[in-house]
Structure formats: C-alpha cells, structure tokens
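One structure, pasted below without further comment.
Small disclaimer: the values here were computed from a predicted structure and weren't measured. In the text below, chain A, chain B and the rest are named by the order of the sequence lines, each starting its count at 1.
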Protein chains: 2
Amino acid sequence: MNMPAARRPLTVPEAVAAGFSLDNCPIRDVLNRIGDKWSMLIVVTLGAGPCRFSALKRALPDISQRMLTQTLRDLQRDGLVARAVFPTVPPSVEYSLTPLGLSLLPPLAVLVEWANASHDAIRVARAGYDAEGV
Amino acid sequence: MNMPAARRPLTVPEAVAAGFSLDNCPIRDVLNRIGDKWSMLIVVTLGAGPCRFSALKRALPDISQRMLTQTLRDLQRDGLVARAVFPTVPPSVEYSLTPLGLSLLPPLAVLVEWANASHDAIRVARAGYDAEGV
DNA sequence: CAGCATCCCAGTGGATACTG
DNA sequence: CAGTATCCACTGGGATGCTG
C-alpha cells in the first residue's frame, strides 16, 4: 500500500505541485528568515558556542546593534536561539542555539558547501553574461 | 603534513572564523539569491522540467511578470538557468536549469525537508513568545 | 507570446543618540 | 553591558500600460 503522502516531509517538486508556492507554506517562512541579511550569520556564529551580546557584535564586524538586537529577537521568537539573562552588574546576556537551532546547522552546512563549490562557476557565468551586454 | 585549509570547501564555522562574514564571500552571495522572494520557487519549478514563460507564470500564480522576467534574468546571469529562444511567430522562449542549477536542487531539498520538519516547532515557539508579550 | 518602461509603496536595514 | 528610540535612505517588489 502507498503511504499517505502528507505525513512525510515533502520533496521540493511535491511541495510545489501541492500548491505550496504561496505563503501558506513552511518553505517560504524558512526562506524568509534564511534570506535576511544577518540571521544565518548569527546562527552559524552561535553554532561555535554560546555567546554574549558584545561578543556577537565583535564577531559580526559590520552589523549594527539595532540589527543585532532585532535579528536575535526574531530568532528567539522562532525558537532557534535562547536568551539567558544573568542579573549581574553590569548585566550580561548570553545567547545560544536551541536544539531546534542546532538542527538547522547541518542543512545550512550543505548549502554552504554548495555555495563554496559553485562560487567560481557563478562568477564566470556572471562575467560572461555581463560581457555580452557590452 | 596538514592540508592547506583554503583548498577545500569551508565548513560553516570555518567560513565565519576565516572572516567570510562580510560580503566578500560566496555564502552571502548565495544566500542573497536564495533569500529573494521568487528565485528558489522558480528553480524548483524548473526542476520538474523545462518550461516556457507563460507556463511559469501559470505555475507561480501570484508572481508578476515583472518579477518573473527579472528573477529569470538574474538566475540566467548566475548561470543557474538557460534561456532558449525559438524564433517562431509568435516567439516562444523556453527556460531550463543548467547543470549548475540542477546541482542546487539537492542542497535545497535538504533545506526544504528541514523546513517541513521544523515548521510546527517554529509555530509553537512563536505562539509561546507572543503569548509572553501580553 | 514574451517581454520592457514607468510609477509608487512598504519594508529592510543603516546611523546616531540616549538609557537602565 | 545590553539594549531602546528616532530618523532616514535604499531597494524589493507590485500594478499598470505599451510593444516587437
């Protein structure tokens, strides 16, 4: 007998075929977060271990504290990052990945590998495309 | 002797540690494309097979032709999508994935699986976070 | 059919200054 | 230290209308 298709993770074509191309879908949701400028950089940075606010700011040299705070809040809201406040003076706050956040690292690593492996090809393609335009 | 680390694909922490957090890096580049609203949807749609412009528009119900054209051009520029013009009357244009574009499908599928598997957890986390705010 | 051109709005993200 | 508050510029992206 065939398994009920809806109970296992959808493959890419299946997801599209099933009408998940709109924003009712997990993929869009996840892609939005992955796509923003800082989320994944923060996730991989925290992947190396828990980190305090100021340490994160140092690790991400060109992020503004506004975006750091905001992105951290978003990640926390999505359950990817945990925030621990130690009521010392001055206050210290430590951020870390939750189990859910940790589980994102492997898929992300796959993507990063592809990015590294394909970057040269992409640059060549761009150069060729742009050259034609002249 | 130890291998020169720079010659193999970087892992996520390595990439960050190596100072690739800025925009000199492949990852940013790829994440930008992945993050935009339509690129990946088009890629997975073309993953099912070559497709004409109007067919793509039908497959992606809520995309505007402006964004379809533009995203297609970007993907073509990056060497992920090929554009074949058949000089018939009226003209027909077929889009398809290049080998490079095809090679992106598996990494993407991994991410989609994660998205499907984690979506519920994310929704729960959000609900919990938002509830506290009350 | 497969686009390009134009206009316009909303959201994203940067800079800066201030606070518990 | 770890934020919040304001202001502002840029651009992604939608709507519409025209063309080879």
Taking 5' to 3' order, which nucleotide of DNA chain D is first and which is last to have an atom within less than 4.0 Å of a heavy atom in chain B?
-> dG13(D) to dG20(D)
Begin from the C-alpha positions of L80(A) and L102(A) and carry the test side chain to side chain contact (heavy atoms under 4.5 Å, CB included) through to its verdict.
-> CA-CA 8 Å; L80(A) 298 173; L102(A) 280 168; over 6 Å; no
Expected string for nucleotides 13-20 of chain C under the B/S/- scheme (protein heavy atoms, under 4.0 Å, primed atoms plus P, OP1, OP2 as sugar-phosphate) is BBBBB--B
Would you find more than 12 non-hydrogen atoms of other residues, nucleotides or ligands less than 6.0 Å from R73(A) atom CZ?
-> yes
Short side-chain N/O contact to dA2(C) OP1/OP2 from S54(B), under 4.0 Å =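 Yes, such a contact exists.
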Donor-acceptor contacts, no H, no angles, side chain residues 50-57 of chain A, under 3.5 Å, sequence neighbours left out:
none

R52(B) side chain N/O closer than 4.0 Å to the phosphate oxygens (OP1, OP2) of dA2(C)?
->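 So the side-chain polar atoms of R52(B) do come within 4.0 Å of the phosphate oxygens OP1 or OP2 of dA2(C), strictly under.
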Are the side chain of W114(B) and the backbone N or O of S103(A) linked by a donor-acceptor pair below 3.5 Å?
-> yes
Report all side-chain donor-acceptor pairs from residues 84-91 of chain A shorter than 3.5 Å, counting only partners two or more places apart or in another chain.
residue, atom, partner, partner atom, Å
T88(A), OG1, F86(A), O, 3.4
T88(A), OG1, P90(A), O, 2.8

Between CG on residue L104(A) and CZ on residue R33(A), distance to nearest 0.5 Å |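 It comes to 11.0 Å.
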How is F86(A) classified with respect to the nucleic acid when contacts are heavy atoms under 4.0 Å: base, sugar-phosphate, or nothing?
->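 Contact class for F86(A): none.
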R126(A): what forms a salt bridge (charged side-chain N to carboxylate O under 4.0 Å, His left out) with it, not counting sequence neighbours?
-> D29(B), D78(B)
Only one of L46(A), L100(A), D74(A) clears side chain to side chain contact (heavy atoms under 4.5 Å, CB included) with V81(A); which?
->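 Only one option passes, and that is L46(A).
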Can you pull out how bent the helix from dC1(C)-dG20(D) to dG20(C)-dC1(D) is, comparing the axes over its first five and last five pairs, to 10°?
->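 Rounded value for the end-axis angle: 50°.
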Taking all non-hydrogen atoms of both residues, which atom of G101(A) and which atom of V43(A) are closest, and how far apart?
->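 Scanning both residues, the minimum pair turns out to be O-CG1, 4.5 Å.
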Does some side-chain heavy atom of L97(B) sit less than 4.5 Å from a side-chain heavy atom of L105(B)?
-> yes
Would you say a side-chain N or O of R73(B) is under 4.0 Å from OP1 or OP2 of dG3(C)?
->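 So the side-chain polar atoms of R73(B) do come within 4.0 Å of the phosphate oxygens OP1 or OP2 of dG3(C), strictly under.
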